[in-house]
S.K.: 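Below: one structure in structure tokens.
FYI, the numbering just counts along the sequence from 1.
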Amino acid sequence: MNHTEEPMAALADKLEAIELSVVVPVFNEEDSVGPLVTRIHDAMAGFSKSWELILVDDGSTDRTLPNARAELFRPDLRLKIIELQKNFGQTAAMQAGIDAASGRLIATLDGDLQNDPNDIPRMVVAIEERQLDLLVGWRKNRRDGLLLRKIPSWCANRLIGKITGVKLHDYGCSLKVYRASIIKQVKLMGEMHRFIPAWVAGVVPSSRIGEMPVTHHARHFGASKYGISRTFRVILDLLAVLFFMRYKARPGHFFGSIGLATGGLSALILFYLAIDKFILGNDIGTRPMLMVGVMLFLSSIQLITTGILSEMMARAYFRDDETTSYIVRQVFEQEQADA
């Protein structure tokens with residue numbers, strides 16, 4: 001091959017459509033990030049189509065970023081590293097990786113080596129064969145503590161499935177494969193990565209969301225970022241998910257319906273007291289029921305007003321939905337590493 005053909009071949013390879021983007025958020029995983037890249041590379045060795053790896057450093061304070069940048073010098077790996085300006089949380093880091101992904105399909109997994117990258121090619125085949133938009137990993141034989149991890153997770157999965165209507169065994173598994181055209185319609189905020197299937201169910205039928213058993217390993221490096229306090233956050237997040245799934249585009253219906261019910265009850269109480277005062281001639285000035293009726297009336301006005309304001313905010317949100325939940329400091333790719 002002459003010198004002219006070599007740059008042309010490299011350009012053709014660079015312009016090749018990417019089939020799969022593998023997105024991995026990492027935070028203080030200095031010991032895991034090197035072996036992680038190696039395992040992903042080895043797992044994808046037999047993948048016949050073009051793929052890329054995107055690491056999102058979520059404001060790590062150890063050597064996670066330098067260790068990740070050392071992997072940029074691999075000649076046989078298409079790697080992109082996104083450095084966030086500070087620690088924005090796993091959901092924001094995952095959103096940053098999804099936004100930067102170029103693949104037709106997107107796979108996500110944790111950076112602590114507990115998810116097995118060897119499951120990714122099987123999941124890619126499965127999502128196509130089963131014609132799904134989202135395939136969720138099910139850690140059937142989970143290598144975590146029973147009391148602090150398994151039992152709370154089992155309770156949360158049952159509760160989430162019951163409320164959202166998306167029946168899965170394992171909402172919390174980060175190993176998932178999506179169609180990029182679908183997941184990019186979903187904006188992840190807060191700590192809502194646990195409820196991605198519920199968010200996806202807001203844009204596609206739940207029949208296009210499936211799961212398959214995957215391998216789960218015990219943690220070898222570092223410490224878990226989660227504790228028992230996560231259970232309480234899950235409950236609060238679940239209430240927010242339920243609200244957004246049903247009332248995201250019409251929040252005034254939520255507050256307004258409560259306000260109207262409260263106002264109706266207030267009207268009944270005050271009407272009864274009016275009859276008691278003006279027809280029966282009884283004194284109602286010291287009656288606790290009068291205070292209850294007045295408070296219910298004021299609450300009704302507040303709720304209805306809140307509903308109107310929330311409708312205005314929702315319309316502003318849908319008009320200007322370009323804000324992100326993260327700030328990128330710098331993006332590293334192979335060209336920068338060579339320079």
S.K.: Using side-chain contact (heavy atoms from CB on, under 4.5 Å), reason through Ile182 and Leu134 one step at a time and then give a plain yes or no.
M.R.: CA-CA 8 Å; Ile182 299 300; Leu134 167 60; over 6 Å; no
S.K.: Under the side-chain contact (heavy atoms from CB on, under 4.5 Å) criterion, do Leu303 and Thr262 qualify, and how do the steps go?
M.R.: CA-CA 9 Å; Leu303 286 166; Thr262 305; 4.0 Å; yes
S.K.: Under a single-linkage definition using a 4.5 Å side-chain heavy-atom cutoff for Ile, Leu, Val, Met, Phe, Trp and Tyr, are Val204 and Val186 assigned to the same hydrophobic cluster?
M.R.: yes
S.K.: Which heavy-atom pair separates Val33 from Ala68 by the least distance, and what is that distance?
M.R.: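 Answer, listing the atom of Val33 first, then Ala68: CG2-CB, 3.9 Å.
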S.K.: What is the minimum heavy-atom distance between Gly97 and Ile54, and which atoms define it?
M.R.: O-CD1, 3.9 Å
S.K.: After noting the C-alpha distance and the side-chain angles of Glu128 and Leu105, does the key distance pass the side-chain contact (heavy atoms from CB on, under 4.5 Å) rule?
M.R.: CA-CA 10 Å; Glu128 298 288 14; Leu105 299 173; 3.8 Å; yes
S.K.: Going by the angle between their ring planes, with limits at 30° and 60°, are Trp51 and His41 parallel, tilted or perpendicular?
M.R.: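 It falls in the tilted class, 30° to 60°.
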S.K.: Tell me, do Val24 and Ile40 make a side-chain contact under 4.5 Å, heavy atoms counted?
M.R.: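 With C-beta onward as the side chain, the pair touches.
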S.K.: Hey, what do you get for CG (Leu36) to CG (Leu109), rounding to the nearest 0.5 Å?
M.R.: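 These two atoms lie 6.0 Å from each other.
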S.K.: Would you say the side chain of Ile120 lies within less than 4.5 Å of the side chain of Leu175, judging by non-hydrogen atoms?
M.R.: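 With C-beta onward as the side chain, the pair touches.
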S.K.: What's the spacing between Ile196 CD1 and Gln95 CD if we round to 0.5 Å?
M.R.: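 Between atom CD1 of Ile196 and atom CD of Gln95 there are 8.5 Å.
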S.K.: Name the residue from Asp57, Ile327, Val56 that meets the side-chain contact (heavy atoms from CB on, under 4.5 Å) definition with Leu84.
M.R.: Val56
S.K.: When you check the side-chain N and O atoms of His217 and Asp116, is any donor under 3.5 Å from an acceptor?
M.R.: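 Side-chain D/A pair, His217 to Asp116: present.
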S.K.: If two hydrophobic side chains count as joined below 4.5 Å and joins carry through other members, does Phe47 share a cluster with Val37?
M.R.: yes
S.K.: Spell out, yes or no, whether Ile301 and Val294 are grouped together once hydrophobic residues are joined by side-chain heavy atoms under 4.5 Å, including indirect joins.
M.R.: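 Ile301 clusters together with Val294.
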S.K.: With rounding to the nearest 0.5 angstrom, report the CZ to SG distance, Arg139 to Cys173.
M.R.: 5.0 Å
S.K.: Take atom NZ of Lys140 as the centre, draw a 6.0 Å sphere, and report whether it contains more than 12 heavy atoms from other residues, nucleotides or ligands.
M.R.: no
S.K.: Within the distance-only criterion (no hydrogens, no angle test), does the side chain of Lys184 pair as donor or acceptor with the backbone N or O of Ala101 below 3.5 angstrom?
M.R.: yes
S.K.: Indicate yes or no: at least one non-hydrogen side-chain atom of Phe27 is less than 4.5 angstrom from one of Thr64.
M.R.: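 Not touching, per the 4.5 Å side-chain cut-off.
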S.K.: For Asp110 and Gln90, test the side chains for any donor-to-acceptor distance below 3.5 angstrom and give the result as yes or no.
M.R.: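 Per modelled atom types, Asp110 and Gln90 side chains form a pair under 3.5 Å.
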S.K.: If you take all heavy atoms of Ser266 and Leu296, which pair is closest and at what distance?
M.R.: CB-CB, 3.6 Å
S.K.: Strictly by modelled atom types, are Arg74 and Thr38 linked by a side-chain donor-acceptor pair under 3.5 Å?
M.R.: yes
S.K.: Return the CD to CG distance between Glu83 and Leu65, rounded to the nearest 0.5 Å.
M.R.: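 Glu83 atom CD to Leu65 atom CG measures 5.0 Å (nearest 0.5 Å).
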S.K.: Flag the pair Ile304 / Phe255 as yes when at least one side-chain heavy-atom distance between them is below 4.5 Å, and no otherwise.
M.R.: no
S.K.: Compare all side-chain heavy atoms of Ile81 with those of Leu72 and state whether any distance is below 4.5 angstrom.
M.R.: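 Touching, per the 4.5 Å side-chain cut-off.
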S.K.: Any side-chain to backbone donor/acceptor pair from Asp119 onto Val214? Under 3.5 Å, distance only.
M.R.: no
S.K.: Are the side chain of Glu30 and the backbone of Arg63 linked by a donor-acceptor contact shorter than 3.5 Å?
M.R.: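 Judged by distance alone, yes, a pair lies under 3.5 Å.
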S.K.: Are Leu132 and Ile209 packed together at the side-chain level, in the sense that at least one heavy-atom pair is separated by less than 4.5 angstrom?
M.R.: no
S.K.: Evaluate the side-chain proximity of Val331 to Lys80: yes if any heavy-atom separation is below 4.5 Å, no if none is.
M.R.: yes
S.K.: Please evaluate residues Arg130 and Glu211 with respect to the criterion salt bridge (Lys or Arg N to Asp or Glu O under 4.0 Å), reporting the C-alpha separation (whole Å), side-chain torsions for both, the decisive distance (0.1 Å), and the verdict.
M.R.: CA-CA 10 Å; Arg130 296 164 61 179; Glu211 64 180 349; over 6 Å; no
S.K.: Between Arg208 (side chain) and Gln131 (backbone), is there a donor-acceptor pair under 3.5 Å?
M.R.: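 Side chain of Arg208 to backbone of Gln131: a pair is present.
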S.K.: Please report the interatomic distance CG(Asp42) to CG(Asn118), rounded to the nearest 0.5 Å.
M.R.: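 So the gap between those two atoms works out to 8.0 Å.
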S.K.: Tell me whether the guanidinium CZ or amine NZ of Lys176 lies under 6.0 angstrom from the six-membered ring centre of Tyr178 and within 45° of its axis.
M.R.: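 No, cation not above the ring by the 6.0 Å, 45° rule.
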S.K.: Kindly give the heavy-atom pair with the smallest separation between Asp112 and Asn115, and that separation in Å.
M.R.: OD1-N, 4.4 Å
S.K.: Given the rule that I, L, V, M, F, W and Y join up when any side-chain heavy atoms are under 4.5 Å apart, are Ile275 and Ile284 in one cluster?
M.R.: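 Each belongs to a different hydrophobic cluster.
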S.K.: Between Ser300 (side chain only) and Gly259 (backbone N and O only), is there a donor and an acceptor less than 3.5 Å apart?
M.R.: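 Looks like yes, one N/O pair under 3.5 Å.
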S.K.: Taking all non-hydrogen atoms of both residues into account, name the closest pair between Asp283 and Gly285 and its distance.
M.R.: OD1-N, 3.2 Å
S.K.: With salt bridge (Lys or Arg N to Asp or Glu O under 4.0 Å) as the test, would you mind laying out the steps for Glu333 and Arg69 before giving the verdict?
M.R.: CA-CA 9 Å; Glu333 297 183 78; Arg69 290 187 62 185; over 6 Å; no
S.K.: Do the side chains of Val200 and Gln185 get nearer than 4.5 Å, heavy atoms only?
M.R.: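 Counting from C-beta outward, Gln185 and Val200 never come under 4.5 Å.
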S.K.: Any chain of hydrophobic side-chain contacts (each under 4.5 Å) joining Trp138 to Leu135?
M.R.: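 Cluster IDs for Trp138 and Leu135 differ.
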S.K.: Checking Ser21 against Glu52: is there a side-chain donor and acceptor pair closer than 3.5 Å?
M.R.: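 A pair is found: one side chain offers a donor N or O, the other an acceptor, under 3.5 Å apart.
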S.K.: Yes or no on side-chain contact (heavy atoms from CB on, under 4.5 Å) for Val136 and Asp170, after CA distance, side-chain angles and deciding distance?
M.R.: CA-CA 8 Å; Val136 181; Asp170 190 358; 5.7 Å; no
S.K.: If only side-chain N and O atoms count, and only distance matters, is there a donor-acceptor pair under 3.5 Å linking Asp58 with Tyr326?
M.R.: no
S.K.: Main chain of Leu113, side chain of Ser32: is a donor-acceptor contact present, judged purely on distance under 3.5 Å?
M.R.: no
S.K.: Taking the side chain from Ser50 and the backbone from Ile18, do they hold a donor-acceptor pair closer than 3.5 Å?
M.R.: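 No, Ser50 side chain to Ile18 backbone: no donor-acceptor pair under 3.5 Å.
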S.K.: Restricting to non-hydrogen atoms, name the atom on Tyr171 and the atom on Phe195 that form the minimum distance, rounded to 0.1 Å.
M.R.: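 That closest heavy-atom pairing would be CD2-CA, 4.4 Å.
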S.K.: Can you tell me how far apart CD1 (Ile82) and CD (Gln330) are? Round to the nearest 0.5 Å.
M.R.: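 The CD atom of Gln330 is 12.0 Å from CD1 of Ile82, to the nearest 0.5 Å.
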